[in-house]
Novice: 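This is the structure I want to talk about, given as structure tokens.
Throughout, numbering of the chain's residues begins at 1 and tracks the sequence. The model shown is predicted, which means the values in this text are computed figures rather than measured ones.
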Amino acid sequence: MRDEITAATRVVVKVGSSSLTTNGRADLDRIAALVDALADWRASGREVVLVSSGAIAAGISPLAMKRRPRNLADQQAAAAVGQGILIQHYAQHFATRDLTVGQVLLTVGDITGQQSYRNALRTLERLLHFGVVPIVNENDTVATDEIRFGDNDRLAALTAHLVHADALVLLSDTDAVYTAHPSDPEARRISEVRDAVADLAGIDTSRGGTSVGTGGMQTKIDAARMATSAGIPALVTSTQLAREALAGEDVGTFFHRTGKRRPARLMWLAHASKARGVLTLDQGAVRALQQRGASLLAAGITAVSGHFQAHDPVELRDPQGRVIGRGLVAYDSDRLPELIGRSTGDLDPQLRRSIVHRDVMVLRPPEARVAPEPAER
């Protein structure tokens with residue numbers, strides 16, 4: 001038995017499009033089976049938040065589309081039709097178990113600002129207070145930059161942190177993470193992950209996603225790592241094994257927590273905020289941040305790019321341009337260039353505070369560092 005699952009009182013469960021639809025229509029049998037598993041969990045006095053994909057997939061057939069549309073306008077049209085169908089089926093099936101559902105549609109913007117992040121939290125907490133099963137999805141009908149949040153796996157990890165969940169369960173068509181694609185005869189199930197770098201080294205996740213979904217196994221691994229780094233254990237398995245997963249049985253791949261729970265502001269900063277600019281650091285500053293947990297001072301900055309205001313998120317990059325972290329900057333972008341490279345003693349007293357304080361900074365572990373993206377201009 002997986003004690004961290006059986007001991008959980010609040011879980012976030014994410015289900016993918018292909019697990020809910022067949023041939024472009026909502027699959028009522030699959031939805032009913034999932035609802036029964038979640039309702040049985042609720043019947044034990046515990047809480048569940050369901051992050052459900054499937055709006056676009058459910059709208060494909062009613063709009064006489066042959067496949068998942070590629071252009072944004074058609075995706076939004078399919079989502080507008082499919083979301084209503086999906087939530088109707090959820091409401092009907094949960095009602096047979098005397099449970100009420102509440103629809104919560106989010107956009108990237110809803111959780112990339114601190115105030116809207118708090119608003120989303122308040123809504124979800126009140127729904128849970130009233131005994132409602134919140135059903136969360138990306139608000140695909142109004143997405144502008146991209147139709148997806150990055151994928152609903154990532155949204156589920158953020159939601160798990162948002163509602164202080166005890167565990168995250170990621171459901172798909174595949175029953176676990178394997179050492180190779182499950183169709184490979186040599187593939188073996190990975191039962192648990194304690195160190196993602198070591199335990200998942202060399203696995204093949206290249207063939208991911210489905211014709212109606214956007215995610216794949218790699219997105220689930222990324223979401224699991226996001227959750228576990230914030231102290232939330234995660235389980236990856238198939239939708240058909242949802243009941244067994246919630247019962248703590250040895251199914252799927254269990255990701256042990258690797259970090260401690262973070263303040264909501266730091267989780268928002270690390271995974272949901274949009275960087276408004278870039279600060280490039282010298283190697284001495286990089287060492288001070290990584291090895292001593294120091295705040296970033298003006299003397300350690302070699303370049304500034306982007307347009308931002310004080311308290312906006314900015315990326316922190318090493319001399320090679322690799323992203324090492326993110327933080328909330330203390331100065332506007334038009335003021336900062338006159339300060340960079342200068343020692344604290346050379347600055348006016350009112351300008352001697354840190355550029356990014358360590359309390360509003362999150363650093364990436366070495367294996368998670370990524371190549372830079374262009375700063376917003």
Side-chain angles (χ1 to χ4, degrees), residues 10-21 25-28 30-39 41-42 47-60 62-63 75-112 116-144 147-163 165 168-171 212-215 239 242 272:
R10 177 180 291 181
V11 297
V12 169
V13 176
K14 184 267 177 181
V15 62
S17 300
S18 59
S19 297
L20 300 171
T21 58
R25 291 186 180 276
D27 189 314
L28 303 189
R30 293 183 180 185
I31 292 174
L34 175 63
V35 167
D36 281 342
L38 299 183
W41 170 271
R42 282 282 287 106
E47 297 172 328
V48 62
V49 177
L50 176 61
V51 177
S52 175
S53 301
I56 296 175
I60 292 174
L63 293 182
Q75 289 175 355
Q76 291 173 323
V81 173
Q83 186 63 44
I85 294 171
L86 194 62
I87 198 68
Q88 179 184 18
H89 290 314
Y90 274 131
Q92 290 174 342
H93 285 292
F94 273 108
T96 65
R97 301 294 300 272
D98 296 322
L99 290 170
T100 301
V101 303
Q103 180 173 254
V104 181
L105 299 179
L106 299 173
T107 65
V108 174
D110 292 327
I111 51 176
T112 55
S116 54
Y117 192 84
R118 295 191 192 101
N119 291 340
L121 171 60
R122 273 199 302 268
T123 299
L124 289 165
E125 287 288 0
R126 293 310 292 169
L127 288 171
L128 291 168
H129 170 78
F130 287 116
V132 171
V133 177
I135 299 179
V136 179
N137 194 5
E138 167 104 20
N139 194 351
D140 294 329
T141 59
V142 297
T144 52
I147 193 61
R148 56 194 178 96
F149 187 80
D151 59 76
N152 271 356
D153 297 309
R154 182 167 174 252
L155 175 58
L158 285 165
T159 301
H161 186 274
L162 185 68
V163 301
L168 170 65
V169 179
L170 299 166
L171 304 175
V212 295
T214 58
T239 307

Novice: Looking at every heavy atom in both Leu86 and Ala55, which two are closest together, and how far apart are they?
Specialist: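 Shortest heavy-atom contact: CD2-N, 3.9 Å.
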Novice: Can you tell me which residue pairs pass the salt bridge (charged side-chain N to carboxylate O under 4.0 Å, His left out) test with a partner in residues 85-100, sequence neighbours excluded?
Specialist: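 Pairs touching residues 85-100 that pass the test: Asp36-Arg97, Asp40-Arg97.
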Novice: Out of curiosity, Leu99 CG to Arg42 CZ, how far, rounded to the nearest 0.5 Å?
Specialist: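 Separation between the atoms: 5.5 Å.
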Novice: Supply the atom-to-atom distance Thr239 OG1 to Leu170 CG, rounded to the nearest 0.5 angstrom.
Specialist: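 With rounding to 0.5 Å, OG1 (Thr239) is 10.5 Å from CG (Leu170).
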Novice: Might you work through the side chain to side chain contact (heavy atoms under 4.5 Å, CB included) test for Leu128 and Arg10, ending with a clear yes or no?
Specialist: CA-CA 10 Å; Leu128 291 168; Arg10 177 180 291 181; 3.5 Å; yes
Novice: Does the pair Ile60 and Thr21 meet the rule for a side chain to side chain contact (heavy atoms under 4.5 Å, CB included), with working shown?
Specialist: CA-CA 10 Å; Ile60 292 174; Thr21 58; over 6 Å; no
Novice: Could you state the interatomic distance from CG (Leu106) to CG (Leu162), rounded to the nearest 0.5 Å?
Specialist: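 The CG atom of Leu162 is 8.5 Å from CG of Leu106, to the nearest 0.5 Å.
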Novice: My understanding is that only one of Leu168, Asp153, Ile135, Val136 makes a side chain to side chain contact (heavy atoms under 4.5 Å, CB included) with Val51; could you say which?
Specialist: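 Result for side chain to side chain contact (heavy atoms under 4.5 Å, CB included) with Val51: Val136.
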Novice: I need the Asn137 CG to Lys14 NZ distance, nearest 0.5 Å.
Specialist: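 Here the rounded value is 9.5 Å.
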Novice: List for me each residue that meets side chain to side chain contact (heavy atoms under 4.5 Å, CB included) alongside Ala77, sequence neighbours excluded, and say none if there are none.
Specialist: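 Side chain to side chain contact (heavy atoms under 4.5 Å, CB included) check on Ala77 returns Leu63.
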Novice: Kindly indicate, with the supporting measurements, whether the criterion side chain to side chain contact (heavy atoms under 4.5 Å, CB included) is fulfilled by Val133 and Leu38.
Specialist: CA-CA 9 Å; Val133 177; Leu38 299 183; 5.7 Å; no
Novice: Heavy atoms only: give me the nearest Ser17-Gly54 pair and the separation to one decimal.
Specialist: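 Shortest heavy-atom contact: OG-N, 3.2 Å.
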Novice: Does Arg126 have any side-chain hydrogen bond (donor to acceptor under 3.5 Å, both in side chains) partners at least two apart in sequence or in another chain, and if so, which?
Specialist: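 With neighbours one apart ignored, the set is empty.
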Novice: Restricting to side-chain hydrogen bond (donor to acceptor under 3.5 Å, both in side chains), what partner residues turn up for Ser52, sequence neighbours left out?
Specialist: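 Scan of Ser52 (side-chain hydrogen bond (donor to acceptor under 3.5 Å, both in side chains), adjacent residues dropped) gives Tyr90.
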Novice: How far does CD of Gln103 sit from CG of Leu127, to the nearest 0.5 angstrom?
Specialist: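 The CD atom of Gln103 sits 11.0 Å away from the CG atom of Leu127.
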Novice: For a quick test of reading the model, state the closest non-hydrogen atom pair linking Val12 to Ala160 and the distance between them.
Specialist: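 Val12 and Ala160 have their closest heavy atoms at CG2-CA, 3.6 Å.
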Novice: Test of understanding: with side-chain hydrogen bond (donor to acceptor under 3.5 Å, both in side chains), list the residues that count as partners of Gln88, not counting sequence neighbours.
Specialist: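 Expected list: none.
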Novice: Looking at residues at least two apart in the chain, or sitting in another chain, which of them share a side-chain hydrogen bond (donor to acceptor under 3.5 Å, both in side chains) with Gln92?
Specialist: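 Residues passing side-chain hydrogen bond (donor to acceptor under 3.5 Å, both in side chains) with Gln92: none at all.
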Novice: About how many Å separate CG of Leu20 and CG of Leu171, when rounded to the nearest 0.5 Å?
Specialist: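 So the CG of Leu171 and the CG of Leu20 are separated by 9.5 Å.
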